Amino acid sequence: DVYKRQTVGLHARPATVIADAAGEYDDEIILTLVGGDDDETDAASSLMIMAMGAEFGDEVTVTSDNLEAVEAIAALIEQKLD
């Protein structure tokens, strides 16, 4: 399943919150920056999320076989996590 959401910039704090939440699921959760280089980012890695370079207003695709995980991570990305 794929959801696209608007995001705040995914710097250290938001990246850590997202990675911690993703780490609670056994399923792989992938983030992709829309319009970026199409590289897949492991949502359980805060360093990889920060390296993705998502800035305020960028769109991110959340993908996983686990719909609950997709919805949870997409909801976090939509929140202001600063």
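For clarity, every value in this text was computed on a predicted model and none was experimentally measured.
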Is it true that Leu76 and Met50 fall in one hydrophobic cluster, defined by side-chain heavy atoms closer than 4.5 Å?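 Per the 4.5 Å side-chain linkage, Leu76 and Met50 are not co-clustered.
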
Yes or no on side chain to side chain contact (heavy atoms under 4.5 Å, CB included) for Val60 and Met52, after CA distance, side-chain angles and deciding distance? CA-CA 10 Å; Val60 175; Met52 188 170 67; 4.2 Å; yes

Kindly compute the distance separating [atom1] ([X]) from [atom2] ([Y]), expressed to the nearest 0.5 Å.
| X | Y | atom1 | atom2 | answer |
| --- | --- | --- | --- | --- |
| Met48 | Ile18 | CE | CD1 | 14.0 Å |
| Asp42 | Ile49 | CG | CD1 | 7.5 Å |
| Thr61 | Ile77 | OG1 | CD1 | 9.0 Å |
| Ile73 | Thr63 | CD1 | OG1 | 12.0 Å |
| Asp65 | Asp26 | CG | CG | 12.5 Å |

Is the closest side-chain heavy-atom distance between Ile29 and Asn66 below 4.5 Å?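 No, side chains not in contact.
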
Within the 4.5 Å heavy-atom criterion, are Ile30 and Val62 side-chain neighbours or not?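 Side-chain contact under 4.5 Å: no.
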
Within the side chain of Thr32, is there an N or O that forms a donor-acceptor pair under 3.5 Å with the backbone of Glu40?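 No, Thr32 side chain to Glu40 backbone: no donor-acceptor pair under 3.5 Å.
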
Can you name the nearest heavy-atom pair linking [X] to [Y], along with the distance?
| X | Y | value |
| --- | --- | --- |
| Gly53 | Asp58 | O-OD2, 3.9 Å |
| Ala43 | Ala22 | O-CB, 3.4 Å |
| Ser46 | Ala19 | N-CB, 3.5 Å |

